[in-house]
Number of protein chains: 2
Amino acid sequence: MAGRKQNSTYTRNEVCIIDCDLTYAVHKLGGRWKLLILDKLCKKKMRFNEIKKEFSYISERMLTLQLRALEEDGLIIRTVFAEVPPRVEYELTEMAFELGPILKQLSDWGGKQRSSVKKD
Amino acid sequence: MAGRKQNSTYTRNEVCIIDCDLTYAVHKLGGRWKLLILDKLCKKKMRFNEIKKEFSYISERMLTLQLRALEEDGLIIRTVFAEVPPRVEYELTEMAFELGPILKQLSDWGGKQRSSVKKD
DNA sequence: TATGGTACTAACAAAAAAGTAACTAATGGC
DNA sequence: GCCATTAGTTACTTTTTTGTTAGTACCATA
């Protein structure tokens, strides 16, 4: 998400793992709050503080980091209005909207998996 | 993946994040090597060293950890044969196979996303 | 002049995940 | 007795990720 060492095994492994489209995709969605943010933005465009209020425990730093990463990956668009106090709006891109149905299936699977694990 | 502190914000946040079936699911698949392992096991059951050879840079420790986590989450089955030297086989569960088509879509999306980001 | 609101940033600390290296048990073959 | 083999384990270090706290700019309003 931010500056990485270039020659750690961690990074070398990542390079070859990210080669796979699937792990690449999961990596892009893997930040702690990213999917939750995408889920909120699915319904409407929102301002920074609006998003923040949705998640009681997220820190401003984390929210900023996740939003920046999503923006960099072309999943959200950030629009700054030249007002005081500042107003910044976030909304999903087409690419992010396409993810919707896939995530729905994954979510359903998650529910199923969760209950099947609980049973044993 | 192993013993967590109970009262860190990290853990408190996780509790509420995991409440969502989607983030729960991604969490289960989020280990560095998990999806790659599942992908290999999709084709055939494999022994520990066989899997290891598929990934030049994975350490035995990491492979063990990821396999154990997958087993615990009901995604793979581990069968130990009482032989010397030991033989252990890993194979997917039904639950894991159901994931196949979803991951395929996610992978396609990943490919698309990757090329769209590269362009800019 | 002081205060408040928005959307952050910087410096730092804590926690988790991933990686390294050395070691283990059991037994068959030399 | 010594070595090789398989599937690990253990203790430790490194790297990344997440969280904490305090502070910023801008102007409007009290």
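What you see is a predicted model, and the numbers here were worked out from it, not measured in a lab. Below, chain A is the first sequence line, B the second, and so on; all start at residue 1.
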Asks: Does atom CZ (Phe97(B)) have a neighbourhood of more than 12 heavy atoms from anything else shown, all under 6.0 Å?
Replies: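 Correct, the count exceeds 12.
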Asks: Take the protein atom CD of Glu60(B) and the nucleotide atom C1' of dG19(C), then report the distance between them rounded to whole Å.
Replies: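 Nearest whole value for this atom pair: 13 Å.
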Asks: Could you please name the option among dA7(D), dA7(C), dG19(D) that lies closest to any side-chain atom of Pro86(B)?
Replies: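 My answer, after comparing the listed nucleotides, is dA7(D).
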Asks: Specify the closest pair of heavy atoms between Gly74(A) and Thr93(A), including all atoms of both residues, with the distance to one decimal.
Replies: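 Looks like O-OG1, 2.7 Å.
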Asks: It should be established whether Thr11(B) places a side-chain nitrogen or oxygen under 4.0 Å from OP1 or OP2 of nucleotide dA16(C).
Replies: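 So the side chain of Thr11(B) is within the cut-off, an N or O lying under 4.0 Å from OP1 or OP2 of dA16(C).
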Asks: For the helix from dT1(C)-dA30(D) to dC30(C)-dG1(D), measure the angle between the helix axis at one end and the axis at the other, each built from five pairs, rounding to 10°.
Replies: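 About 30°, once rounded to a multiple of 10°.
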Asks: Could you state the CG-P distance from Leu63(A) to dT20(D), rounded to the nearest angstrom?
Replies: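 The answer, rounded to whole Å, is 14 Å.
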Asks: Show the nearest heavy-atom pair for residues Leu35(B) and Leu29(B), with the distance to one decimal.
Replies: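 Taking Leu35(B) first and Leu29(B) second, the nearest heavy atoms are CG-O, 3.8 Å.
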Asks: Search all heavy atoms of Arg87(B) against all heavy atoms of Glu83(B) and return the closest pair with its distance.
Replies: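 Shortest heavy-atom contact: NH2-OE2, 2.9 Å.
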Asks: By the 4.0 Å heavy-atom rule, please label Tyr90(B) as base, sugar-phosphate, or nothing.
Replies: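 Sugar-phosphate: the residue Tyr90(B), judged by heavy atoms under 4.0 Å, touches backbone atoms but no base.
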Asks: Report yes if a side-chain nitrogen or oxygen of Gln66(A) is closer than 4.0 Å to either non-bridging phosphate oxygen (OP1 or OP2) of dT18(D); otherwise report no.
Replies: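 For dT18(D), OP1/OP2 do have a side-chain N/O of Gln66(A) under 4.0 Å.
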Asks: Here's one to test your reading of the geometry: is the NZ or CZ of Arg32(A) within 45 degrees of the ring axis of Tyr10(B) and under 6.0 Å from its centre?
Replies: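 Positive - Arg32(A) is close enough to the ring of Tyr10(B) and near enough to its axis.
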Asks: Give the nucleotide from the list dG19(D), dA15(C), dA7(C) with an atom nearest to the side chain of Trp33(A).
Replies: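 Out of dG19(D), dA15(C), dA7(C), the nucleotide with an atom closest to Trp33(A)'s side chain is dG19(D).
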Asks: Please tell me if Tyr10(B) has a side-chain N or O lying less than 4.0 Å from either OP1 or OP2 of dT16(D).
Replies: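 Answer is no, no contact under 4.0 Å.
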Asks: Side chains of Arg114(A) and Asp21(B): closer than 4.5 Å at any heavy-atom pair?
Replies: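 Touching, per the 4.5 Å side-chain cut-off.
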Asks: Is the phosphate of dT20(D) approached by Thr9(B) (side-chain N or O, under 4.0 Å from OP1 or OP2)?
Replies: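 For dT20(D), OP1 or OP2 has a side-chain N or O of Thr9(B) closer than 4.0 Å.
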Asks: Grab the CD-P distance between Glu14(B) and dA15(C) for me, whole Å please.
Replies: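 These atoms are roughly 14 Å apart.
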Asks: For dG8(D) and Arg68(B) - does any side-chain N or O of the residue sit under 4.0 Å from the phosphate oxygens OP1/OP2?
Replies: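 The answer is yes; a side-chain N or O of Arg68(B) sits under 4.0 Å from OP1 or OP2.
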Asks: Provide the closest heavy-atom pair for Met95(A) versus Ser116(B) in the form atom of the first, atom of the second, distance.
Replies: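 The pair with the smallest heavy-atom distance is CE-OG, 3.8 Å.
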Asks: Are Arg68(A) and Arg78(A) close enough that some pair of their side-chain heavy atoms sits under 4.5 Å apart?
Replies: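 SC-SC contact between Arg68(A) and Arg78(A) confirmed.
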Asks: Do the side-chain N or O atoms of Ser59(B) get closer than 4.0 angstrom to the phosphate oxygens (OP1, OP2) of dG8(D)?
Replies: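 Negative; the distance criterion is not met.
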Asks: Between Arg78(B) and dA7(D), is there a side-chain N or O to OP1/OP2 distance below 4.0 Å?
Replies: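 Indeed not, no polar side-chain atom of Arg78(B) lies that close.
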Asks: Check each residue of residues 41-52 of chain A for a non-hydrogen atom within less than 4.0 Å of any atom in DNA chain D, then write out the ones that pass by number, or none.
Replies: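 Contacting residues: none.
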Asks: Arg87(A) has an atom CZ; how far is it from atom C1' of dC26(D), in whole Å?
Replies: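 Atom-to-atom, Arg87(A) to dC26(D), this comes out as 16 Å.
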Asks: Report the distance from atom NZ of Lys53(B) to atom P of dG8(D), rounded to the nearest whole Å.
Replies: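 It is 14 Å, rounded to the nearest whole Å.
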Asks: Rounded to the nearest Å, what distance is computed from the CD1 atom of residue Ile17(A) to the P atom of nucleotide dT15(D)?
Replies: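 My rounded result for the distance is 16 Å.
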Asks: Find which nucleotide of DNA chain C each of Val80(A) and Asn13(A) is nearest to by heavy atoms, and output the residue with the more 5' nucleotide.
Replies: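 Of the two residues, Val80(A) wins.
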Asks: How close do Gly31(A) and Gln66(A) get, counting heavy atoms only, and between which atoms?
Replies: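 Distance-wise, the nearest heavy atoms are C-OE1, 3.3 Å.
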Asks: Under 3.5 Å, is there any donor-acceptor pair linking the side chain of Arg61(B) to the base of dT9(D)?
Replies: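 Side chain to base: no pair present.
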Asks: How long is the line joining CD of Glu83(A) and P of dT29(D), in whole Å?
Replies: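 Taking CD of Glu83(A) and P of dT29(D), I get 14 Å after rounding.
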Asks: Evaluate salt bridge (Lys or Arg N to Asp or Glu O under 4.0 Å) for Lys104(B) paired with Asp108(B), printing each intermediate quantity in order.
Replies: CA-CA 6 Å; Lys104(B) 175 67 173 58; Asp108(B) 291 347; 3.0 Å; yes
Asks: Just how far is it from atom NZ of Lys112(B) to atom CG of Leu99(A), taken to the nearest 0.5 Å?
Replies: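 Answer for the NZ-CG pair, Lys112(B) versus Leu99(A), is 10.5 Å.
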Asks: Could you check how far CE of Met62(B) sits from C1' of dT13(D), rounded to whole Å?
Replies: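 It is 13 Å, rounded to the nearest whole Å.
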Asks: What nucleotide among dT15(D), dT5(D), dC27(D) has an atom nearest to a side-chain atom of Val84(A)?
Replies: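 Nearest nucleotide to the side chain: dC27(D).
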